[in-house]
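The block underneath contains the structure these notes are about, expressed in structure tokens.
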Amino acid sequence: MSKEILEETSGSLTRAATEARGLAIDAVHACSSGHLGLPLGCAEIGAVLFGHTMRYNPAAPGWLNRDRFILSAGHGSMFLYSWLHLSGYDLSLQSVKDFRKLNSVTPGHPEFEETPGVEATTGPLGQGVGNAVGYALSGKRAAARYNTAEHTIFDHHVIALAGDGCMQEGVAREAIAFAGHSGLDNLILIYDSNDVTLDAMAEVTQSEDAESYFGSVGWDAVTIDGHDLNAVAEALQSAKDNDNGKPKVVIAKTLIGKGIPEVAGTAAGHGEGGAKFAEAAREGLGLPAETFYVSDETTNFFAARNGVMKDHFAVWEKTYEVWASQNPGLAAELQDGVAKSVPEDLLDRIPEFDADHKDATRGSGGVVINAVAKLVPQLVSGSADLYGSTKNYIKDDTDFSASNPSGRNIWFGIREHAMGAICNGIAYDGLFRASGATFLVFADYLRPSIRLAGLAGLPVTYIFTHDSVGVGEDGPTHQPVETVSGLRVIPNLDVIRPADPEEVAGAWAAAMHRTSGPTALILTRQGVPNLSSFPVAQRRQGASLGGYVLKKEEGDLKVIIMASGSEVEHALEAASRLGEGVRVVSMPCLERFDRQEDAYREAVLPGSCQKRVAIEAGVTNLWWKYVGAAGQVIGIDRFGLSAPGNVVMQELGITADKVVEVVEDL
Ligand SMILES: Cc1ncc(C[n+]2csc(CCOP(=O)(O)OP(=O)(O)O)c2C)c(N)n1
């Protein structure tokens, strides 16, 4: 079937592939950097994807039912830019010429929201595979939630292109196993199997049988010649047509750097080394001497194809309109998801806790997430095999699975890194609000994905519990000391460590209202009191402000004690023992506090008061900025101890007594 289609178009696709090769050679040559191997080796794959297989509309890059394409092997960014240009996205030839230049829309590696048609920020190998799994999960859930017997709003596919490097990374392996187990049959992975990595031939570092591996984790696998247009088209079409409960991998054998004989098939073909042979390569490919050449035939071919795509889009839009008019509730929910809007009064609608409520903030978090889940139907919440401890299970809802893709609880298994990358994929897709949970000490297992969420501005929420040496007997392996501060140094990540249940409510609302980046909620294992002698609204609002005066001094201000999370209790006790003139500032989120106006920050931490002490059960470094040279920080600049939590806290000096002592010594 696809053969016939290609018989008509294979000449156009071959021409386009050659010109895509030319664009990659010229762009990499122009900036003397970048990676040529994949754009050259995968040119036929690109031609088939953009010229035959994928459904998209360059005039509406955000079309809800478009096929999503993720270049996991982000170093091959010129592959994506060439094909986005050729296929008619708003990416001009000048932008291709500006590859890797300052402020261009063609940055070194693909960056989300910088370039129309780029679905994910990729480059750190393996992440894109996880993102694609997240996209596929989102697509499955969207189809299950929004399609009706009469109308299909979602039936798109998610296609990722990954190389040996991605396949070697653990994050991809975790995500691949999750996808197979979850039956994500809307996912197609193209494995650019060129037997070359960066330093050497791939055989130096790998020897597995890819087909057997994928088969063993529940995927359908096929191996093809990646330069045979018909083979590529058939494999992809059959993967699209065959929604059989299994994800598909097309293992495409390709020649890295094809088109530059001097380097093709070797590790030298991977980077920019081949660019110096540009002129001979252009000639060898049958391209004119003119650089950045695109023929009228290719332009016309894609213009015609875009006409067909526009027709598909128009048909879908009509279906959508009828569906929306017949299902206004679902349509409103979907539109809210796309707009990332949550109820303005979300925080007011989270029930207040009883004044004498004493619980770990992870427990309060469990109560709050269930209230939030009722008000934000787009919220999905996963855990890396720790729901029992992280308490973020949405009780009124079901589990996401192959047979129940509308479920909102995602059992990631003990795959923290994939959880991070999959949450990013869900957030990239933008229909649902992703959250994932594990112990704080394991945040480092998904840190590369958190970093990318910060970079790409994704509103993912992380629920990190067991947040200090207060976890106790499990000992130093499970006692984070550096982790909260380690997260705080990631740009565009808000790290909120609430002190009590009402700050937890405020933290959740802040996370949900935030659309421009991720939020990590840092929650205790051990119980903390409800600080109910202070107004609920003050504590809730305070979480969003990041820092606020919890207890105002009596008389003239003499000393400021600041703290976060479970240590706020100690700050309060110390203040009441120290008497007049002592202010307690709760600092649940340093990043949010830093974003407040100067006047607000000055009102909370007046420059006139330099007697300042901070206490937090973790490393002290970041607090010096707030206490100043005349202040003191009480913290833990060492690993923890194996003993009951209160004993460890006592032993390491995280107590009200210590605060009193330090303040008196100032
Ligand atoms: C996590 C991570 N580690 C290392 C790199 C550096 N790097 C970029 S490409 C590459 C080799 C990738 O090999 P392969 O996927 O086979 O790509 P190809 O050589 O086929 O282009 C490496 C090590 C990276 N981008 N990300």
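Counting starts at 1 for both ligands and their atoms, following the listed order.
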Centroid-to-centroid, F412 to F178, below 6.0 Å?
-> yes
Are any protein N/O atoms closer than 3.5 Å to the N/O atoms of ligand 1? If there are, list each pair with names and the distance to one decimal place.
unit_1: ligand 1; atom_1: 15 (O); unit_2: D164; atom_2: N; d: 3.3
unit_1: ligand 1; atom_1: 15 (O); unit_2: G165; atom_2: N; d: 2.7
unit_1: ligand 1; atom_1: 16 (O); unit_2: D164; atom_2: N; d: 3.4
unit_1: ligand 1; atom_1: 16 (O); unit_2: D164; atom_2: OD2; d: 3.4
unit_1: ligand 1; atom_1: 16 (O); unit_2: V196; atom_2: O; d: 2.7
unit_1: ligand 1; atom_1: 17 (O); unit_2: H75; atom_2: NE2; d: 3.2
unit_1: ligand 1; atom_1: 19 (O); unit_2: V196; atom_2: O; d: 3.3
unit_1: ligand 1; atom_1: 19 (O); unit_2: H270; atom_2: ND1; d: 2.5
unit_1: ligand 1; atom_1: 20 (O); unit_2: N194; atom_2: OD1; d: 3.3
unit_1: ligand 1; atom_1: 20 (O); unit_2: N194; atom_2: ND2; d: 2.6
unit_1: ligand 1; atom_1: 21 (O); unit_2: H75; atom_2: NE2; d: 2.8
unit_1: ligand 1; atom_1: 21 (O); unit_2: H270; atom_2: ND1; d: 3.1
unit_1: ligand 1; atom_1: 25 (N); unit_2: G123; atom_2: O; d: 2.9
unit_1: ligand 1; atom_1: 26 (N); unit_2: L125; atom_2: N; d: 3.1

Lys/Arg N to Asp/Glu carboxylate O, K253 vs D195, below 4.0 Å | yes
Is there a donor-acceptor pair closer than 3.5 Å between any side-chain N or O of D444 and the backbone N or O of R447?
-> no
Given the rule in the side-chain contact (heavy atoms from CB on, under 4.5 Å) test, do F464 and F442 qualify, once you have shown the distances and angles that lead to the verdict?
-> CA-CA 8 Å; F464 293 136; F442 303 135; over 6 Å; no
Evaluate salt bridge (charged side-chain N to carboxylate O under 4.0 Å, His left out) for R21 paired with E44, printing each intermediate quantity in order.
-> CA-CA 10 Å; R21 285 193 167 98; E44 283 77 18; 2.9 Å; yes
Should we count CZ of F400 as having more than 12 external heavy atoms under 6.0 Å?
-> yes
